[in-house]
Amino acid sequence: MEYNFREIEKKWQQRWKDTDAYKVSNNSSKPKYYVLDMFPYPSGAGLHVGHPLGYIASDIFARFKRLKGYNVLHPMGYDAFGLPAEQYAIEHGIHPAVSTGQNIQNFRKQLDNIGFCFDWSREVRTSDPSYYKWTQWIFLQLFKSFYNRQTNGAESIDALVASFEKEGNAVHPFPASADYEITSFTAEDWKGFSEKQQQDILMNYRIAYCGYGEVNWCEALGTVLANDEVVNGVSERGGYPVVKKKLRQWYLRITEYADRLLQGLEQIEFSDAMKEMQGNWIGKSSGAEIEFEIAGSEALLRVYTTRPDTIFGVDFMVIAPEHDLVERITTEAQKALVEEYITYVKSRSDRERQAEKKITGCSTGAYAVNPFDGKQIPIWISEYVLAGYGTGAIMAVPCGDERDFKFAQHFNIPITNIIGSYFNGEEASPTKDAILENSGFLNGTPMRKAIDIVCDKVEEMGIGKRKINYKMRDAAFSRQRYWGEPFPIKWIDGIAYPLDESALPLELPHVDSYKPGPDGEGPLANIESWTSANLETNTMPGYAGSSWYFLRYMDPHNNAAFCDRKVSDYWGQVDLYIGGTEHAVGHLLYSRMWTKCLYDLGFIGHDEPYKKLVNQGMIQGSSRFVYRIEFIKIGVNLSSSIYVSLSHYTRLLEVINSGFSIHQVLEEIKHLYPKFEYFQPLTESEIRVTPIHIDVNIVDGIELNIDKFLEKNPDSILIKEEDGKYICGAETEKMSKRYYNVVNPDEIVNKYGADTFRMYEMFLGPVEQSKPWDTKGIEGVHRFLRKLWRLFFDEIKGKVWTDAAATDAELKVLHKAIKKIEEDTERFSFNTAVSAFMVCVNELADLKCSKKAILQPLLVLLTPYAPHVAEELWAALGSEGSILNAAYPVFEPKYLIESSKEYPISVNGKLRTTINLPLDITKDQVEETVLANDVIKKWLEGNSPKKVIYVPGKMVNVVI
RNA sequence: GCCCAGAUGGCGGAACUGGUAGACGCGUCAGACUCAAAAUCUGGUAUUCGCAAGGAUGUGCAGGUUCGAUUCCUGUUCUGGGCACCA
């Protein structure tokens, strides 16, 4: 009997399906455990080998917990709204619902091949009206709520209205992220306001609110572009210019939750790195907001600084180019320059503005006045100051800040040194340890003390106040797109009204065209019936549905609520959440915020969604390149189909980079490929050798499969290496369709089986670690499973396992494995657990042990890792019931007790010999035994030892 | 540019709390079985000097702490992830 994995896996997958083996109940006497994967976006490229890494890990853990006696919730679904489906629709005219449905079917088939224990009866799809009904419903709750700073939580907006009617906004001043023309009003004011005014004010308090924000606008395409669709300042499609444009947008007031999101991190098990990333994203800082007078103007310049102590070192001010003041304060002389600079900045993304090393800026010609010494400070605009952070203006202290320093140097602005020898004139020093100099009344004061002194002073003078600032901004929550949840909002006379909850779901209407609507609006603006009903034409972003899906799994078919409170109280937090770090600051923050909102409003009983998070590494693709020679003539690419092998590429690159004439380069090519002919005019054009991604599946290692390549690219000329091979370049990149480096798990499952695939993905390395995909080595895992099989069945003899009693040596092997595998599984060290299985089976094979008493518990250990073969062999042993419900074996210490151990003995840290010592030996006895040893005596060379270091169970070191 | 992480043989990786660096697997070399191949089994395999016994070197790079550092500290290089409309 052979190990026929294809038959076995098919059989058990069918059996599990037929018996609903993985269906989970919301009622159980067992303790609960919730294992969740970040659900996938069902892309057209299908599942690639990177997806299952996390799924296999969570599957192993879910199965492990089940064997340990827990009621385990382990669901799966699809994050089905998103841009790619819409782009596909624009290009191919296929409705996103259709293509997404097909992709989901494909994903499901691929997932099923791997033998996961998902409870598919709980599947969710965010694009399904029965699901997004509740996304819309939750949005309405956020719209109808405000953040009460008195009680630190979300509350009904009705309570706010009641307070306004009684005492104006004295108790509830505008939130930090509000933007309204007045800052305070009385009860009388409120009652006198028009409906529109009242609603505008309320909008500034709502947790889900409407405001104005900048988007990437592409005039040529008439549409808003995602950052992803903008490459080097132009649209990815077509290469058209992209500029910033202000549009009406929905937002979530996540800034009000900044502190709670920060504090919440302390109670949850995220990695320190993850907590740090979230903390940095929130970016809490304390400092002061200070107002500077502007010479010859009524206007005041408000800056935020974390270092008020350096106020005498301010040599210039920088305000964001889009700052309101720019227009008011720019002098006549500077106007033209400033306008030119602003046009330049408009074409640049926030990222570029901060990343570029190039220093740019422009003086406004205006001067601010230092409130303490009256010094006139020039005001500049520069792209490195962003309008969205702080007040959009900074006071620049070049001796203390590197970027300010470089700016001052570049524009020849004189630098005041206030930190004495900490500043050497070569580079800035952000020290807080200096004693202040050149600082008026602060001279001689340590910087740390000066911070408070200046804060007190500005508050006393009424020109500023202490302020806590957050880097985090409110979350943009609308897209000018089709394929997303419609907002349940109606606009009447410029006022947003929520739809009645009974009208939900507000279904996404069919459109004839996915093209954008007028004035940057989304495709919904093209629908007559939609606009005439005054419905909001924006849709929600991709993260809307994923911000609460973990709750829907608990109660997926509930039509009366997003999740019954009793059910969410039973399952509570996700005990283990597995997913990539790429979601560190997006999804993970948003879902934490939604959870807190739902908690505040009393809909659920916990305010952090995830108890523990494990970040799986990314399985990267290993891309392959061929190198094409291209001739460029006045912007026209004269296409060639000559591809050079890697070493020639390196050589040509060298020639081109060292400034040789095109003629010489062409000669070089001719040298490689004598048949190469070129026309004289080419000598006036430019030549390039461009790496081009090719399908990894037609490359063997780094050697191109020339036949397959020529099949796809006929008429190509390949300039090969001397040995006749064409060698490709290689690079590690994200696995993606666009890089042609996607490896499909189906092929591997088909060749080696799901169990081998599962164990191999785990064996590759730690789950948390990123690594490029490589099938080298999968044979070893497959061999292990066949070896295990042979402990049960022989090709000739058939059944070889017996009922004989196990020996102590055999029990020792088993119990060692139980201990190691259980520990490793518990701490997510699945790769070492797989190794432990291999060691165990090798040892059993050496002992020729085929005894049921040993093999049966071993199979239970194996179930989470290789469930199909474990079930099959379990049944073969004539065991009762399904192995899925077996009890996890308990390791017995008595089989692992050792009386003595071989210790390494070192002299001064150098290993010299080993000695067998009893485990219960005392420190003194160790010293005595070791010093009496002949080898050690020799190494001591008559010296008396200074001390003997004995680490029980580990080693002994003699120091002389 | 900013934030986070990683770097160990020919390759993937192990070393859990500062204590024998290289478990386990791949590859490779040698051998057994075989007419032969596949499969399977046995042994070797960090580098270097040596016939050997044995020695020296060795965890990206440069330093530091320690009897002892892959592990801790400082600096640095490279690679990967994120940077607010990809998901």
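Hydrogens, waters and symmetry mates are skipped; everything else that's a heavy atom, side chains included, is used. Lettering of chains follows the sequences in order, A, B, ..., and the numbering in each one begins at 1.
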Polar-atom pairs under 3.5 Å, protein N or O versus N or O of nucleotides 67-73 of chain B: list them with distances, or write none.
| residue | atom | partner | partner atom | Å |
| --- | --- | --- | --- | --- |
| B:C67 | O2 | A:N957 | ND2 | 2.2 |

Contact under 4.0 Å: A:N227 side-chain N or O vs B:C86 OP1/OP2: no
Nearest-nucleotide pick for A:R479, side chain only, options being B:A87, B:U57, B:C85: B:C85
Sugar-phosphate only, base, or nothing, as touched by A:V951 at under 4.0 Å among non-hydrogen atoms: base
A:R479/A:E536 ion pair, N-O < 4.0 Å: no
B:U8 versus B:U70 - spacing of their P atoms, nearest Å: 14 Å
Could you pull out the protein-nucleic contacts involving nucleotides 76-80 of chain B (nitrogen or oxygen on both sides, under 3.5 Å)?
| residue | atom | partner | partner atom | Å |
| --- | --- | --- | --- | --- |
| B:G80 | O2' | A:Q620 | NE2 | 2.9 |

First encountered from the 5' end of RNA chain B, between A:E214 and A:I778: A:I778
Distance between P atoms of B:C11 and B:A84 (Å, rounded): 37 Å
P atoms of B:C85 and B:U79, separation to the nearest Å: 28 Å
A:I394 CD1 - B:C2 P separation (whole Å): 15 Å
A:K787 NZ to A:L844 CG distance, which is reported to the nearest 0.5 Å: 10.0 Å
A:W250 ring center near A:F487 ring center (under 6.0 Å): yes
Sugar-phosphate only, base, or nothing, as touched by A:K471 at under 4.0 Å among non-hydrogen atoms: base
A:L911 CG - B:G55 P separation (whole Å): 9 Å
Sugar-phosphate only, base, or nothing, as touched by A:P40 at under 4.0 Å among non-hydrogen atoms: nothing
Please write out each protein N/O paired with an N/O of nucleotides 4-6 of chain B under 3.5 Å, distance rounded to 0.1 Å.
| residue | atom | partner | partner atom | Å |
| --- | --- | --- | --- | --- |
| B:C4 | OP1 | A:E276 | OE2 | 2.4 |

Validation row, ring centre A:F39 to ring centre A:Y78 under 6.0 Å: no
Nucleotide N/O to protein N/O under 3.5 Å, stretch nucleotides 38-41 of chain B:
| residue | atom | partner | partner atom | Å |
| --- | --- | --- | --- | --- |
| B:A39 | O3' | A:R786 | NH2 | 3.4 |
| B:U40 | OP1 | A:R786 | NH2 | 2.8 |
| B:U40 | O3' | A:R790 | NH2 | 3.3 |
| B:C41 | OP1 | A:K787 | NZ | 3.4 |

Side chain of A:T832 (C-beta onward), nearest among B:A87, B:C85, B:A14: B:A14
Whole-angstrom distance between B:U66 and B:C73, as gauged at atom P: 16 Å
Spacing of the C1' atoms in B:U71 and B:G18 (rounded, Å): 7 Å
Contact list for RNA chain B against residues 244-256 of chain A - heavy-atom distance below 4.0 Å: A:Q249
Interatomic distance at P, B:C2 relative to B:A14, whole Å: 31 Å
Pair A:Y752 + A:Y760: ring centers closer than 6.0 Å: no
A:R790/A:D794 salt bridge by N-O under 4.0 Å criterion: no
Polar side-chain atom of A:E485 near backbone of A:T539 as donor-acceptor pair, under 3.5 Å: no
A:R353 side-chain N/O to A:Y384 backbone N/O, donor-acceptor pair under 3.5 Å: no
Nucleotide paired to B:U45 in any strand shown, Watson-Crick or G-U, under 3.5 Å: B:G27
Among B:C86, B:C11, B:G12, the one nearest A:L764 by side-chain distance: B:G12
Within 45° cone and under 6.0 Å: A:R473 NZ/CZ vs A:Y389 ring: no
Heavy-atom donor-acceptor pair, A:S850 side chain to A:L791 backbone, under 3.5 Å: yes
Options B:A14, B:A84, B:U57, nucleotide nearest the side-chain atoms of A:W281: B:A84
A:Y482, A:Y132, A:Y549 screened by ring pair (Phe, Tyr, Trp, His ring centres under 6.0 Å) with A:F81, the one that passes: A:Y132
Pair A:Q87-A:R237, side-chain donor/acceptor within less than 3.5 Å: no
B:C2 OP1/OP2 closer than 4.0 Å to side-chain N/O of A:R351: no
Sugar-phosphate, base or nothing in reach of A:M472, heavy atoms under 4.0 Å: base
A:W789 and A:F793 aromatic ring geometry - parallel, tilted or perpendicular at 30°/60° bounds: tilted
Nucleotide paired to B:A39 in any strand shown, Watson-Crick or G-U, under 3.5 Å: none
Base-pairing mate for B:G6 - Watson-Crick or G-U, with both contacts under 3.5 Å: B:C78
Rounded distance in Å between the C1' positions of B:A32 and B:A37: 16 Å
A:Y865 and A:F837 aromatic ring geometry - parallel, tilted or perpendicular at 30°/60° bounds: perpendicular
Sugar-phosphate, base or nothing in reach of A:G82, heavy atoms under 4.0 Å: sugar-phosphate
Pair A:R827 + A:E823, salt bridge at N-O below 4.0 Å: no
Length of the CZ-C1' vector between A:F763 and B:C11, whole Å: 12 Å
Euclidean distance, atom CD1 of residue A:I282 to atom P of B:C83 [Å, nearest integer]: 16 Å
A:K275 NZ: over 12 foreign heavy atoms closer than 6.0 Å: yes
Sugar-phosphate only, base, or nothing, as touched by A:K406 at under 4.0 Å among non-hydrogen atoms: nothing
Sugar-phosphate only, base, or nothing, as touched by A:V834 at under 4.0 Å among non-hydrogen atoms: nothing
Anti/syn call for B:G9, syn if |chi| within 90°: syn
Sugar-phosphate only, base, or nothing, as touched by A:V224 at under 4.0 Å among non-hydrogen atoms: base
Ring centroid separation A:Y543 to A:F477 under 6.0 Å: yes
Pairing partner of B:C67 (Watson-Crick or G-U wobble, both distances under 3.5 Å): B:G19
Polar side chain donor-acceptor pair, A:N4 to A:E2, under 3.5 angstrom: no
Ring centre gap for A:W594 and A:Y590 strictly below 6.0 Å: no
B:G6 and B:G10, which share atom name P, separated by this distance in whole Å: 24 Å
Donor-acceptor contacts, no H, no angles, side chain residues 950-958 of chain A, under 3.5 Å, sequence neighbours left out:
| residue | atom | partner | partner atom | Å |
| --- | --- | --- | --- | --- |
| A:N957 | OD1 | A:N908 | N | 3.4 |
| A:N957 | OD1 | A:G909 | N | 3.0 |

Atom pair distance, as rounded to whole Å: CD in A:E768 and P in B:A7: 13 Å
Spacing between A:D824 atom CG and B:A23 atom C1', to the nearest angstrom: 12 Å
Any N/O donor-acceptor pair, A:Q480 side-chain to B:C85 base, under 3.5 Å: yes
